[in-house]
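Please read the structure below before turning to the comments.
Just so it is clear, the model here is predicted, and its values are computed rather than measured.
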Amino acid sequence: MYSPLRALGRRQLTPIDLLGQSLSTIAPATGMVFIALWMVTHRPGVGGLLAIAGTTAVVASVALCITQFTRRLAAAGSLYSFVFQGLSARATLTTGAALLVGYLGISISVMSQAAQSLLRIADLLGVHVSGAAPWSVTIGLVALAVAVITVRGVRFATRAILLVETCSLVLIVALMVGTPAGAGPATTELPDAPLSIMPFLAMLTVLSMAGFESAAFFGPEAKRPLVTVTRTVLISPVVVGALFVFAAWAALSGHGAVVVGAYFDGTASGASVGVVLAVQAGMTCSWLASTLGCAQAGSRLLYSMGVERVLPSALAGVHGRFRTPHVGVLVFTAAGLVGACLYASLAEADSGAFDGVVEIGLVVAYTLVAVASLRFLHRIGEHTVVTRAAAVFVSVLGVGLLGYIAVDGTAHGVWIVPAALSAVAVSGTVWQYVLRRVRPGSLATIGAFDSVETGDILPGAGTLVIGADGRPRILPDVPHSRDGDPA
């Protein structure tokens, strides 16, 4: 008897690998610089620090809801598979669509940013290229590198991106700490101020922490997944939140001005070529690590859906040597490449609208997993006061945040934001309707997760069988007499 997800290679990732996956997807170095930008330009004071710290606590509450599933099962579909344990197939498919929107949107953004940072470095080194065409070519090279590294092997990829992200973090933190307070001007190209900086900082923090739960996609491939994945999901937002608070403090105390100016204005900010080159290199490493993290997570989401046949079963293809979902990697990376090239060709497009669409996908997924945890724990009778309070809090806050995003988008004439919310909201219903007509059997296979295999049972510990409910059970071995009949 075998696990439906065994093709990926079970029990190979360490806690360090999982932490590297989550941190790389978040790309904390880039989030630190963007948070410092807004703190430098709009000076929200201690209130800004509290807004970031409070948002970190909210994300930690989301993590608590997610860990109610990770401590009980391991699934390559992450939140998509978890929601099925507490809600309907329609809600599960909606979560899957929301995750695809969120992760693909992040991939498009970070891939285009990584290419742009590489072009900035080339410009600093004397190779002057500009325009949409060089940007698109560089995006293609980034996508190719990401696809090769991701297919090469999960352990190789997670450790490579952990090294890259650690280097970028050390560099950015060192520059913030080592820069004298008040040294250097702030960026000369100030962004437009939002109507209210506090809600904006909160939403920026949520968007910057996107992907903190990506380690959950690797449950079937992790050693002791119910423990290690759970710890990673809980630790990641706390660590990153602390880094964001540090960046906000550095900006308010004058230590972040040089980093902000060097990244956004280059040498025009007054920073030396060496400092600008160091900041650009650090940010580029972080963008690249995030691109790799998204490709790893997104490919496993597609793989899980391929195994369940809610998407074409070809997505369940696994590389014979490296045991990575290479078809899912290529499809996800290709989609990110096309999106990033379109993003580059529409350089004048409103990035705020794009971020709003991505945030909708993430918030819908987080809200549904919170509601699912409420229903799931109630069904199995394992609720506590803390888990119930966290699930209710996140559910109510998520619905309120979605309403705020939709109303704000409508008020500012950014119609794509409420349209995206409507599309994600009905996606599960439409998807379920199509599956009922085209592939009805797939609706019975949703929610696949790693299960006990025959080889996992110690000799003499029992026999693994499938019970009447379709679930694996371990039955005690029946002793036999010498003639072969049960004793």
Side-chain angles (χ1 to χ4, degrees), residues 26-59 105-106 109-110 113 116-117 168-169 172-173 175-177 179 181-210 212 237 240-266 268-271 276 279-280 282-283 286-287 290 350-359 362-363 401 404-405 408-409 412 414 417:
I26 300 172
T30 62
M32 290 171 68
V33 172
F34 276 87
I35 283 175
L37 166 68
W38 287 96
M39 297 296 288
V40 165
T41 54
H42 295 293
R43 293 286 174 181
V46 177
L49 287 173
L50 294 177
I52 296 169
T55 307
T56 300
V58 172
V59 177
I106 298 170
S109 176
V110 296
Q113 294 282 3
Q116 190 174 53
S117 292
S168 63
L169 270 176
I172 296 301
V173 171
L175 286 172
M176 286 186 172
V177 172
T179 302
T187 177
T188 58
E189 295 181 3
L190 301 182
D192 294 332
L195 293 178
S196 178
I197 187 63
M198 298 307 177
F200 178 83
L201 278 174
M203 293 173 67
L204 177 63
T205 305
V206 170
L207 192 60
S208 298
M209 285 194 182
F212 77 91
V240 175
L243 289 171
F244 287 173
V245 170
F246 164 77
W249 166 83
L252 287 180
S253 60
H255 292 278
V258 168
V259 173
V260 170
Y263 181 69
F264 290 97
D265 286 336
S269 67
V276 173
V279 171
Q280 292 292 344
M283 293 290 282
S286 194
W287 291 126
S290 184
D350 184 5
S351 61
F354 182 83
D355 292 343
V357 173
V358 173
E359 192 160 19
L362 297 170
V363 175
L401 182 57
Y404 172 82
I405 295 172
D408 184 66
H412 290 85
V414 186
V417 173

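With hydrogens and angles disregarded, no donor-acceptor distance shorter than 3.5 Å links the side chain of His42 to the backbone of Trp38. Without hydrogens or angle criteria, Thr205 side chain to Leu201 main chain gives a donor-acceptor distance under 3.5 Å. Of the possible donor and acceptor atoms, none in the side chain of Ser109 sits under 3.5 Å from a partner among the backbone N and O of Gly105.
Considering only heavy atoms from C-beta on, Val358 comes within 4.5 Å of Phe354 through its side chain. Looking at heavy atoms from C-beta onward, Ile52 lies in side-chain contact with Ile35 at the 4.5 angstrom threshold.
Summarising the geometry of Thr56 relative to Pro237, their closest heavy-atom pair is CG2-O, 3.5 Å, with the distance given to 0.1 Å. Closest approach of Val276 to Gly266, counting heavy atoms only: CG2-C, 3.5 Å. The two residues Val110 and Ser290 make their nearest non-hydrogen contact at CG1-OG, 3.5 Å. Shown here for Thr55 and Val206, the closest heavy-atom pair between the two residues is CG2-CG2, 3.5 Å. Annotation for Met176 and Ala36: closest pair CE-CB, 4.0 Å, computed over non-hydrogen atoms. Counting all heavy atoms, side chain and backbone alike, Met39 lies closest to Gly45 at CE-O, 4.0 Å.
In this structure, CG on Leu169 lies 9.0 Å from OG1 on Thr30, to the nearest 0.5 angstrom. For the atom pair CZ (Phe244) and OG (Ser208), the distance works out to 4.5 Å, reported to the nearest 0.5 Å. Here Leu175 contributes atom CG and Met32 contributes atom CE; the two are 10.0 Å apart, rounded to the nearest 0.5 Å. Here CD1 of Ile26 is found 9.5 Å from CD1 of Ile106. Values are rounded to the nearest 0.5 Å.
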Should Tyr263 and Ser269 be marked as a side-chain contact (heavy atoms from CB on, under 4.5 Å) after you check the CA-CA gap, both sets of side-chain angles, and the distance that decides it? CA-CA 9 Å; Tyr263 181 69; Ser269 67; over 6 Å; no

Audit row: Leu207, Leu362, side-chain contact (heavy atoms from CB on, under 4.5 Å) steps and yes/no: CA-CA 8 Å; Leu207 192 60; Leu362 297 170; 4.3 Å; yes

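Partner Ile172 forms a side chain to side chain contact (heavy atoms under 4.5 Å, CB included) with one of Val177, Leu243, Val33 and no other, that one being Val33.
You'll find the ring centres of Phe34 and Phe264 inside the 6.0 Å limit.
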